[in-house]
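In this text, all values refer to a predicted model and were calculated from it rather than measured experimentally. Chain identifiers are assigned alphabetically (A, B, ...) following the order of the sequence lines, protein sequences preceding nucleic acid strands; residue numbering begins at 1 within each chain. Computed from heavy atoms alone, side chains included, the values below leave out hydrogens, waters and symmetry copies.
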Amino acid sequence: MDSRYSPKDIEEKWYKTWQDAGAFKPQGHGPNKDKPFTIVIPPPNVTGALHMGHALNNTLQDVLTRFKRLQGYRTLWQPGTDHAGIATQSVVEKQLAKDGVKRQDLGREAFVAKVWEWKNEYGDRIVNQLMRLGSSCDWSRLRFTMDEGLSKAVREVFVRLYEDGLIYRGTRLINWCPKLQTALADEEVENKETKGHFWSIRYPLAGDPTQFITVSTTRPETMFGDVAVAVNAEDERYKHLIGTEVRIPGTTRTIPIIADEHADPAKGTGAVKITPAHDFNDYEVGKRHNLTPIIAMNLDATLNHQAGKYAGMNRFDARKAVVADLEEAGLLASVEDRVIPIPTCYRSGDVVEPYLLDQWFVNMKPLAVPALEAVEAGRTRFVPARYAKTYRDWLEPFKDWCISRQLWWGHQIPAWYVISETDGKRRQDTPFVVARTAEAARAQAKAKYGANSALIQEEDVLDTWFSSALWPFSTMGWPDKTPELATHYPTDVLVTDRGIIYFWVARMVFSGLKFLGKEPFHTVYITATILDEKGQRMSKSKGNGIDPIDMIEKYGADAMRFALMIMTTEGQDVKLSPVKLESGRNFANKLWNAVRFVLPHLEAAFGTAGIRDDLRYDDLHLADRWILSRLDETIRTVTENLEPPTLRFSDAAQALYRFTWDDFCSSYLEIRKKAITADAATLSPEGLAAKKQAVSVFATVVEKLITILHPFMPFITEEIRQALGREELLITSQWPSADTCKQLGIEASSAHDLEVMTKLLRIVDAIRSIRGDYALPPAHALEVRISCDDEPWRKIVEGHKDIIASLEKVGKISVEVNSAKPAFSAAGLIPEGRLFIPLEGILDPAQEKVRLTKELDKAEGYVAAQEKKLSNESFVKSAPAEVVEGERSKLQSQKDKVEKLKAALADLS
RNA sequence: GGGCGUUUAGCUCAGUUGGUUUAGAGCAUCUGCUUUACACGCAGAGGGUCGGGGGUUCAAGUCCCUCAACGCCCACCA
């Protein structure tokens, strides 16, 4: 073994070994064998590349998966990818554009074939990257949202929702992306603050063209779609005009002035133009007043014939032209600079147009109500809990979901229009049927509309999220009744980020409830957002991203995973810099070296390589009993913190770090080093027994430690397991119980052992502190005189002098009861006693005085504070007795300290 | 405009139901170490009164109010 742990050498090897062994498949063992534990991966886009968010998210899932697998659960981490309609279509379109080809040139079928080609060639990239991370997904069950099975689920859901009246087709004002030429759902529109203008325009009164009503707008080019001007009924300025008409400037068309609450007298001029086909608020106003919307724009965002001479101009040019003409005509009252939130498409970035179109919708209320109830009742819970509010706030308005997209890549809507032979064309009012297959559609059409008609399938595809919503059961074979569905649905924990609570989480919950009658998961763990070291979001455009694959190359997958886990405390976003991954790497190295150090001695002690089952524990050293107690505590802490819904990953990682580094390496190994490294060849039988025992305890601790560390650092722990000589893989071994001490029969003394060791370590601290203060080199052997307050404690210390000597370079150690301070000695306080280190020729009385005075001041300050607290009658009266008692004993021990320090100071002079 | 979050050592963060923490860790800094597992290491030291103000309480970093700064989400193109 090399003195530096080298992740590169082993990661690929182990990943392959696990896969070859089928270790990622759900199997289960031991008492939990028949209990399933299931996680479905948030399917990354096939176009995606692994970023730090994925790294965090998937590490969390892998930690849970490996933890539960070790506990013996029938564990499934279901992997897959998402077809990502717009994103994937765009990628392929861009590729075609390089050769000057448009998708329209190819036609739908050929284009879709191209996208499949692309998917088959590049779609595995992110999967391979997930493997680099160590993700223990059952890859034999890899699914894709456009697979035949999942597509069948999509059609099934569509048909059932339609039959239940929960899907309808209708003309509504929707969000239209002119660039992508498709409708979008509300959540797919992002408002971006942009500098713009607020124009006030004079509309001449029809009755008296010398008079005007001035309306304010940020979008003058939509005026050709105006159907009214609204004013507030309470607005004195305009009351008299209600019911009269105005003429739209530049046209001959007149429109009424109406009274509507939407007009806010405080905003602009208080008069608003109403354009129902191009504005969501106006759409509502139009409905209230029964006004027929006028569409003034084409789907490519150029103005149409309604705009007269501006017809054919794109919206932005038209805006400029209209404003210029209004100004020339003297109809522009004012222009104001203003920051305006502009709705933009989350994929293309183009400015979204509200547009009146025929689309497919999901009626949300009947689906949302049970989904809200599931969270309300706690059957699905969010971690951190506050995200339940985000979920609720989105679902509760019950806004219908526009699910049709005018794309080619996606699930084509299973609806067929029934075209009569005479007509041959599809119109808005063309009848249609909805069915699972074309044949079923034909049968239906025949029954309903007679035999003389042709069917044309709806060209629109479904929103990508429509298929993602079915992920927890479509991946398991639904609508068929498969064994995996029976075993693994509902799943357990969903790990995702807060950005897709609406897009995905909410929709999975209502879909699961609707079609399987059960919530798809009991816990939704919302991950932190990974930011750069300045606290900014990582993004391609900023170029501040950290590539996880680079980090794995540089520090190892284990190091990155561990660093992410230790940083991710509940709900707290993570500022990440490569420096932080160093601590993960250092930790791996620390563990590596501890094992590397002891391994040869294991062999030397027992005469065979590797760990053995006839380990010896007959006469355990205090340090042995102590580390085994600490091991049990650590097993308990890690187990509790990983158990859903606690999910305190950072606390678990922290406990592992502390135990490994501080207790196991810094204390235990140093104390037992001598016994471990003793030369077996020259040892007496007793000496050999002691060596065997020392290495046995070491091996026991390491074996359990790497097991509880395995979910966090799978590669290095598997490698260590092999180095220990175990043949079975760690990944499918058994999670330890916190009963090591019990099994070895040392449980009774655990509490006492922990206490004694802690006190002994404090004696070592006191010696080290004096050594540090006098800058004495580590090699300088110190004479230590320990003065204990009583005989029982003296006896214990006397019995464990070797522990002190193993951690500090000391010469003679004497342990007495209440001994006097030797001349020219430095003094230190220890539990139940004092400690003196003769430093003749080294001791500087002045420096020593400063040292002790500082400590004395602190202790006296504490005593003063405690006395004040305890002299407060209401404290003594109101506080619980054990608190008061605790405070009293704290005071007493500090008083003791003060006395001892005073004595030490007196001895100095 | 509405909601949520954050504000604790130079930096990045812990601190679970208010009381053995006049506040912990890692990094950084300083001092001393080629101590034969690890310099990706070992030992020691300095450094904060917990964003400001007010309140509740015997007791507040921890609860309430308020102000401020930063961040995120939602709404809003009149």
With a non-hydrogen cut-off below 4.0 angstrom, is [X] in contact with a base, only sugar-phosphate, or nothing?
X	result
A:V351	base
A:K858	base
A:V231	nothing
A:A865	nothing
A:G861	base
A:A879	base
A:P354	nothing

Could you label the plane-to-plane angle of the [X] and [Y] rings as parallel, tilted or perpendicular, counting under 30° as parallel and over 60° as perpendicular?
X	Y	answer
A:Y668	A:F664	parallel
A:Y5	A:W592	tilted
A:Y391	A:F382	tilted

Rounded distance (Å) that lies between atom [atom2] of [N] and atom [atom1] of [X]:
X	N	atom1	atom2	value
A:L870	B:rA59	CG	P	14 Å
A:K897	B:rU22	NZ	P	11 Å
A:Y862	B:rG19	OH	C1'	10 Å
A:Y774	B:rC33	OH	P	18 Å
A:R585	B:rC38	CZ	C1'	12 Å
A:I716	B:rC40	CD1	P	16 Å
A:F659	B:rA25	CZ	C1'	19 Å
A:I671	B:rA37	CD1	C1'	16 Å

[atom1] spacing across the pair [N] / [M], given as an integer number of angstrom:
N	M	atom1	answer
B:rU36	B:rU31	P	23 Å
B:rU49	B:rG15	C1'	15 Å
B:rA37	B:rG46	P	30 Å
B:rU29	B:rU34	C1'	23 Å
B:rA43	B:rC27	P	12 Å
B:rG10	B:rG52	C1'	22 Å
B:rU21	B:rG61	P	14 Å
B:rA28	B:rC40	P	11 Å

Is it true that the side chains of A:S200 and A:S216 contain a donor and an acceptor less than 3.5 Å apart?
yes

I'd like a table of atom pairs between the protein and nucleotides 73-76 of chain B - only N or O on both sides, under 3.5 Å - with the distance next to each one.
unit_1: B:rC73; atom_1: O2'; unit_2: A:Y502; atom_2: OH; d: 3.0

Can you tell me the Watson-Crick or wobble partner of [N], both distances under 3.5 angstrom?
N	value
B:rA75	none
B:rU49	none
B:rU17	none
B:rG61	none
B:rC70	B:rG5
B:rA28	none
B:rG41	B:rC33

- Task: Begin from the C-alpha positions of A:Y346 and A:E190 and carry the test side chain to side chain donor-acceptor pair (under 3.5 Å) through to its verdict.
- Result: CA-CA 6 Å; A:Y346 80 140; A:E190 289 173 348; over 6 Å; no

In A:W504, A:F503, A:Y502, the residue satisfying ring pair (Phe, Tyr, Trp, His ring centres under 6.0 Å) with A:W394 is A:Y502

Distance check, rounded to the nearest 0.5 Å: [X] atom [atom1] versus [Y] atom [atom2]?
X	Y	atom1	atom2	result
A:Q654	A:T634	CD	OG1	12.0 Å
A:L332	A:T214	CG	OG1	10.0 Å
A:I174	A:Y355	CD1	OH	9.5 Å

For residues 578-592 of chain A, the salt bridge (Lys or Arg N to Asp or Glu O under 4.0 Å) pairs (sequence neighbours left out) are none

Here the salt bridge (Lys or Arg N to Asp or Glu O under 4.0 Å) pairs for residues 551-565 of chain A, sequence neighbours left out, are A:K8-A:E553, A:D62-A:R561, A:R132-A:E553

query = Quick one: are A:M223 and A:T217 in side-chain contact, heavy atoms under 4.5 Å?
reply = no

Extract from the structure each pairing of a protein N or O with an N or O of nucleotides 41-45 of chain B at less than 3.5 Å, listing the distance.
unit_1: B:rG41; atom_1: OP1; unit_2: A:N586; atom_2: ND2; d: 3.1
unit_1: B:rG41; atom_1: O3'; unit_2: A:K590; atom_2: NZ; d: 3.1
unit_1: B:rC42; atom_1: OP1; unit_2: A:K590; atom_2: NZ; d: 2.7
unit_1: B:rC42; atom_1: OP1; unit_2: A:W661; atom_2: NE1; d: 2.7

RNA chain B nearest-nucleotide lookup for A:A779 and A:K389: closer to the 5′ end is A:K389

A:R768 CZ: over 12 foreign heavy atoms closer than 6.0 Å:
yes

Any N/O donor-acceptor pair, A:E887 side-chain to B:rA59 base, under 3.5 Å: no

Using distance only, find each side-chain donor-acceptor pair of residues 852-860 of chain A under 3.5 Å and give its atom names and separation, not counting sequence neighbours.
unit_1: A:T853; atom_1: OG1; unit_2: A:K849; atom_2: O; d: 2.4

Output yes when at least one side-chain N/O atom of A:K890 is less than 4.0 Å from OP1 or OP2 of B:rU20, else no. yes

Of the listed B:rA25, B:rA37, B:rA39, the closest approach to the A:R4 side chain comes from B:rA39

Quick note, A:D393 side chain, CB onward, closest among B:rA37, B:rG3, B:rG19 is B:rG3

Pick out the pairs of N or O atoms, protein on one side and nucleotides 13-17 of chain B on the other, that lie under 3.5 Å.
unit_1: B:rA14; atom_1: OP1; unit_2: A:T569; atom_2: OG1; d: 2.6
unit_1: B:rG15; atom_1: OP1; unit_2: A:R648; atom_2: NH2; d: 3.3

Salt bridge or not for A:D279 and A:K273, using N-O below 4.0 Å? no

